[in-house]
Amino acid sequence: MTLAFTAAAVCSLIAAGTAHHWAAPARWTLVALAWVAGAGLIVYSYALAISLATMLFGQVDHWGALLTRAAGATAGALTLACAVAEQRRVRRACVHCARVHGRSPERRTDPTPRWAYLAAYIAIGGCAVRVTALVLDSMTAHEPLPFTLGSPFGIFVVLMILAGTLLPLALVHRFGRIWPRWVVPLAGRDVPRWLVLGPALFVGAGLTGYFGVAGMTAWLLGKGNLAQAPVWKVSMEMFGYTSWGLGLLAAAMSYYGLTRRDCPIPRAHHLADPERHHGARLSWPGPKRGSTPSA
């Protein structure tokens with residue numbers, strides 16, 4: 001309830017434009033509160049991803065719980081949208097494309113930051129650890145591997161592996177932003193950003209909330225059936241899923257910036273009038289054209 005009321009309050013202030021006349025530190029505090037409240041609501045609704053996954057098997061434990069989790073996650077996402085909007089205004093980003101020109105990537109073909117590559121490969125490593133634990137568990141129990149089962153669970157495992165390999169690679173490599181040559185009908189065109197960004201945020205937030213927060217807490221407190229499970233298995237599952245989720249979220253941040261729509265204002269105009277288009281005063285090495293140098 002605290003998270004929900006905080007989210008409602010900060011979103012109301014942002015939407016009403018009340019903070020426009022505040023000092024910069026106060027506005028940054030409002031942005032921080034919005035981020036905390038929005039992320040907190042999403043983390044609190046961590047079981048939504050599992051509830052949606054169980055629908056593949058036709059098993060929904062409680063429709064009321066599902067709707068409550070969906071409402072919490074939706075409210076969290078909308079609160080984060082308010083936080084991003086206010087943050088752009090505080091940073092005085094370009095009103096046309098939301099970039100801070102000179103500091104933000106300008107096009108999809110710009111190189112991916114190294115930290116994003118690191119995050120993506122951490123996510124792949126986390127997926128590899130989790131799948132290894134799954135294989136070892138099946139071998140120990142003398143059961144067939146889940147990939148070989150012609151059932152919805154086998155399909156789920158295949159989709160899970162794709163979300164831990166292809167998805168993080170698409171977040172940081174060119175083929176995730178521009179269709180490669182072998183995709184003949186679409187080669188050279190922009191990949192719809194939410195085709196990659198949507199699953200990355202959903203899976204990343206779900207894994208981080210369910211395993212990184214709830215799972216780790218239950219394990220440390222000895223709750224549920226985790227205390228009876230082998231330590232190696234729980235460790236591989238918890239740390240694998242958590243690093244997987246965090247890696248996806250971090251790489252998604254880079255992808256979000258790289259796939260912004262092109263600014264409709266030519267770059268030369270930004271350089272000529274940075275105050276108008278950037279929304280932020282930039283230092284300039286010399287006087288403007290037509291002005292008289294001061295003493």
Side-chain angles (χ1 to χ4, degrees), residues 39-62 65-66 69 72-73 76 118-172 198-252:
L41 284 172
I42 292 175
V43 170
Y44 187 80
S45 307
Y46 64 87
L48 175 63
I50 302 300
S51 297
L52 294 177
T54 57
M55 293 179 67
L56 293 174
F57 313 105
Q59 302 173 358
V60 179
D61 53 354
H62 193 279
L66 175 62
R69 294 163 185 166
L118 177 62
Y121 284 97
I122 286 176
I124 294 174
C127 174
V129 170
R130 177 61 187 99
V131 172
T132 300
L134 186 63
V135 171
L136 292 176
D137 191 34
S138 298
M139 294 176 62
T140 303
H142 302 288
E143 296 177 351
L145 296 176
F147 331 104
T148 60
L149 300 176
S151 65
F153 184 69
I155 298 175
F156 173 74
V157 172
V158 172
L159 292 175
M160 182 182 74
I161 294 175
L162 289 176
T165 53
L166 183 62
L167 183 57
L169 290 175
L171 288 170
V172 296
L201 293 175
F202 179 77
V203 175
L207 294 179
T208 302
Y210 191 84
F211 296 99
V213 178
M216 287 288 191
T217 302
W219 185 28
L220 293 174
L221 297 178
K223 301 293 185 179
N225 59 354
L226 295 177
Q228 289 75 37
V231 175
W232 66 266
K233 178 183 176 183
V234 179
S235 300
M236 294 180 74
E237 290 179 354
M238 293 296 110
F239 288 107
Y241 275 132
T242 302
S243 57
W244 181 358
L246 291 174
L248 281 177
L249 291 178

Legend entry - Residue pairs, two or more places apart or on separate chains, that pass salt bridge (Lys or Arg N to Asp or Glu O under 4.0 Å) and touch residues 46-55: none
Legend entry - CG on D137 to NZ on K233, rounded to 0.5 Å: 3.5 Å
Inset, instruction - Please name the pair of heavy atoms, one in V213 and one in V43, separated by the smallest distance, quoted to 0.1 Å. - result: CG2-CG1, 3.8 Å
Inset, instruction - List the atom of G215, the atom of M238, and the distance in Å for their closest heavy-atom pair. - result: C-SD, 3.6 Å
Inset, instruction - Tell me, please, which residues at least two apart from L221 pass side-chain contact (heavy atoms from CB on, under 4.5 Å). - result: T217, K223
Legend entry - Where L248 and A123 come nearest, the two heavy atoms and their spacing: N-CB, 3.9 Å
Legend entry - Nearest heavy atoms of A73 and S45, plus distance in Å: N-OG, 3.4 Å
Legend entry - Value rounded to 0.5 Å, distance of CG in L162 from CG in L169: 11.0 Å
Legend entry - Partner residues of A170 under the side-chain contact (heavy atoms from CB on, under 4.5 Å) criterion, sequence neighbours left out: F175, V196
Legend entry - Test side-chain contact (heavy atoms from CB on, under 4.5 Å) applied to L201 - qualifying residues, sequence neighbours left out: W194, L197, L249, A252
Inset, instruction - Starting at CG of L167, measure out to CD1 of I161 and round the result to the nearest 0.5 Å. - result: 14.0 Å
Inset, instruction - For residues 198-219, pull every pair meeting salt bridge (Lys or Arg N to Asp or Glu O under 4.0 Å), keeping only residues two or more places apart or in separate chains. - result: none
Inset, instruction - Any side-chain hydrogen bond (donor to acceptor under 3.5 Å, both in side chains) involving residues 241-252? Give me the pairs, sequence neighbours left out, ordered by first then second residue. - result: R130-Y241
Inset, instruction - Under the side-chain contact (heavy atoms from CB on, under 4.5 Å) rule, collect the residues that match up with I42, sequence neighbours excluded. - result: L80, A205
Inset, instruction - Please report the closest heavy-atom contact between G245 and L207, naming both atoms and the distance. - result: CA-CB, 3.9 Å
Legend entry - Residue list, ring pair (Phe, Tyr, Trp, His ring centres under 6.0 Å) with Y210, at least two apart or on another chain: Y46
